[in-house]
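Along the sequence shown, the residues carry numbers beginning at 1. We count ligands from 1, going down the list as the structure has it; atoms in each ligand are counted the same way.
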Amino acid sequence: MDFQLSEEQEMLRKMVRDFAENEVEPTAAERDEEERFDRAIFDQMAALGLTGIPWPEEYGGIGSDYLSYCIAVEELSRVCASTGVTLSAHLSLASWPIYQYGNEAQKQNFLQRLAAGEALGAYALSEPGAGSDVVSMKTTAKKDGTDYILNGSKVWITNGGVADIYIVFAKTDADREHKGITAFIVEKGTEGFTFGKKEKKLGIRSSPTTELIFENCRVPAANVLGEEGEGFKIAMSTLDGGRNGIAAQALGIAQGALDAAAAYAKEREQFGKPIAANQGISFKLADMATEIEAARLLTYQAAWLESAGKSYGKASAMSKLFAGDAAMRITVEAVQIFGGYGYTKDYPVERYMRDAKITQIYEGTNEIQRLVIGRMVTK
Ligand code: CAA
Ligand code: FAD
């Protein structure tokens, strides 16, 4: 067993850390305050090759692996969780299903553009009445000659409105439950496809979360991803990898909070000594560091399993569950270590705490992760 990162993975971490600290962190608080997505940051990530990390060079990627992708999301989230999820949704939710299920023409067109960062991707599964219970979705797609006509709406879509390419799930046969769901690739600008409400959120405020509306939206059959009726399997298997991207996001948030809290605890003096000299504070830091290492091991292991072509669904649900819950506990403790200052916007820990919460909710709530893991354990 080898716990050493490869030279390439270490180099990628260093490159992303430099980029994150120099180009992303300086505006993170301001973008959060203004709820502003900055496309220029995505363009910079594209120039560094981050938008195509795991895909082969023939599809415009840099031919790296899923662990490198997790390291990139972790390093970005260490300074700005919104930027972390922009990349995670782009790579694992929008690009992965095209790489895995797309035909050659779809890969040459859509995957190439996503990998090069010419296009930004999004994944549209959730609906107002269908969050955890995916199969109860109401959006329909009716065959009409060589096209499908989409009607319905999707909510809470990350990168919604700013993305160019959307993976959209709709019912092609309402009587066949999960076997009646089909996946479509829909481009921004397609007639009948518009954007609705943009959510005002507690955290990840510079990552746009937007409603998608389909009104007699005509999508060519050539844009069906996989086979008709295969959509639920595509949605679930996409989430198997996506959830590990959220684990990496949670890991990055937690590491950012620990780094800030440890530095502050050494600097801040009360009763004539740094607060870190109190066991009550250093034990908190020790527990935070230990939970981070455990989350990192689970996350890296799940990524390694995926790259090795082994089964990784359970490992990914476990990493997302553990890292999300750990990030929440750790960020609350970080605010505590900062005392009153932690409760203000003068320091980044209140943002980390607000951002951590979403990692327990999206890509399947942590109750749903427990359901998935529990089913596998008892199978
Ligand atoms: N891969 C392949 N197939 C799978 C699968 C997987 N991971 N999971 C289930 N299936 C198959 C099952 O084998 C079964 O197939 P058969 O009928 O052929 O045997 C079929 O799918 C139905 O499976 P279930 O009975 O388990 O389905 P269910 O209705 O009970 O739902 C669920 C299971 C796990 C609760 C699922 O609905 C779920 O994951 N819900 C959460 C939704 C979610 O995570 N949404 C995230 C949206 S994206 C997002 O949030 C983005 C972001 O943050 C940036
Ligand atoms: P519900 O399903 O209504 O759940 C409410 C509560 O009940 C939760 O605590 C849940 O855990 C619990 N619960 C439900 N069923 C069970 C059960 N069987 N057992 C135990 N407890 C249960 N979706 C996309 O498709 N694409 C995106 O890009 C995307 N991005 C998002 C970004 C943000 C900021 C947010 C907030 C959401 C995003 N989502 C996205 C949607 C997200 O995946 C859903 O919010 C999530 O899956 C939960 O669905 P829900 O909100 O309808 O909650």
Location of contacts on [X] toward ligand 1, heavy atoms closer than 4.0 Å:
X: W156; result: neither
X: H178; result: side chain
X: V372; result: side chain

Does [X], backbone or side chain, put an N or O under 3.5 Å from an N or O of ligand 2?
X: S132; answer: yes
X: K201; answer: no
X: T365; answer: yes
X: I157; answer: no
X: S126; answer: yes

Review item, side-chain donor-acceptor pairs of residues 272-281, under 3.5 Å, at least two apart:
residue, atom, partner, partner atom, Å
K273, NZ, N278, OD1, 3.3
N278, ND2, I275, O, 3.0

Problem set entry | side chain to side chain donor-acceptor pair (under 3.5 Å) assessment of S6 paired with Q9 | CA-CA 5 Å; S6 70; Q9 287 159 344; 3.3 Å; yes

Exercise. Measuring from the heavy atoms of G313, does anything fall under 4.0 Å of ligand 1?
Worked result: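 Contact check G313 vs ligand 1: negative.
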
Exercise. Non-hydrogen atoms of S88 versus ligand 1: any pair closer than 4.0 Å?
Worked result: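 False for this residue.
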
Taking N or O atoms only and a 3.5 Å limit, does [X] qualify as a polar contact for ligand 1?
X: G364; answer: yes
X: S126; answer: no
X: T158; answer: no
X: E363; answer: yes

For [atom], is the nearest protein heavy atom under 4.0 Å away?
atom: atom 23 (N) of ligand 2; value: yes
atom: atom 10 (C) of ligand 2; value: yes
atom: atom 35 (C) of ligand 2; value: yes

Problem set entry | Contact list for residues 309-342, test ring-ring contact (aromatic ring centres under 6.0 Å, His included), sequence neighbours left out |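 Every ring-ring contact (aromatic ring centres under 6.0 Å, His included) pair that includes a residue of residues 309-342, provided the two are not neighbours, is Y264-F338, F338-Y347.
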
For this session: Please say whether more than 12 non-hydrogen atoms of neighbouring residues, nucleotides or ligands are located less than 6.0 Å from CD in E269.
Result: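 Yes - once you tally the heavy atoms of other residues, nucleotides and ligands closer than 6.0 Å, there are more than 12.
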
Problem set entry | For atom 40 (N) of ligand 1, the option (of G131, A317, S132) bearing the nearest heavy atom |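 Heavy atom nearest to atom 40 (N) of ligand 1 belongs to S132.
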
For this session: Kindly identify the option in Y312, Y123, F232, F169 whose heavy atom sits closest to atom 22 (C) of ligand 1.
Result: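 Shortest heavy-atom distance from atom 22 (C) of ligand 1: F232.
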
For this session: Under 4.0 Å from a heavy atom of E363: give me the atoms of ligand 2 that qualify, with their elements.
Result: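 In order of numbering, the contacting atoms are 43 (O).
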
Exercise. At what distance is the nearest protein heavy atom to atom 29 (C) of ligand 2, and which residue and atom is it?
Worked result: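 The answer is W156 O, 2.7 Å.
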
Exercise. Tell me, which protein residue and heavy-atom name are nearest atom 52 (O) of ligand 2, and how many Å apart are they?
Worked result: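 Nearest protein contact, heavy atoms only, for atom 52 (O) of ligand 2 is G131 CA, 3.2 Å.
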
Problem set entry | Six-ring centre of Y99, K107 cation under 6.0 angstrom, axis tolerance 45° |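 Ring-cation test returns yes.
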
For this session: Report yes if the distance between the aromatic ring centroids of F169 and F232 is under 6.0 Å, otherwise no.
Result: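 Judged by ring-centre distance (under 6.0 Å), F169 and F232 do not meet the cut-off.
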
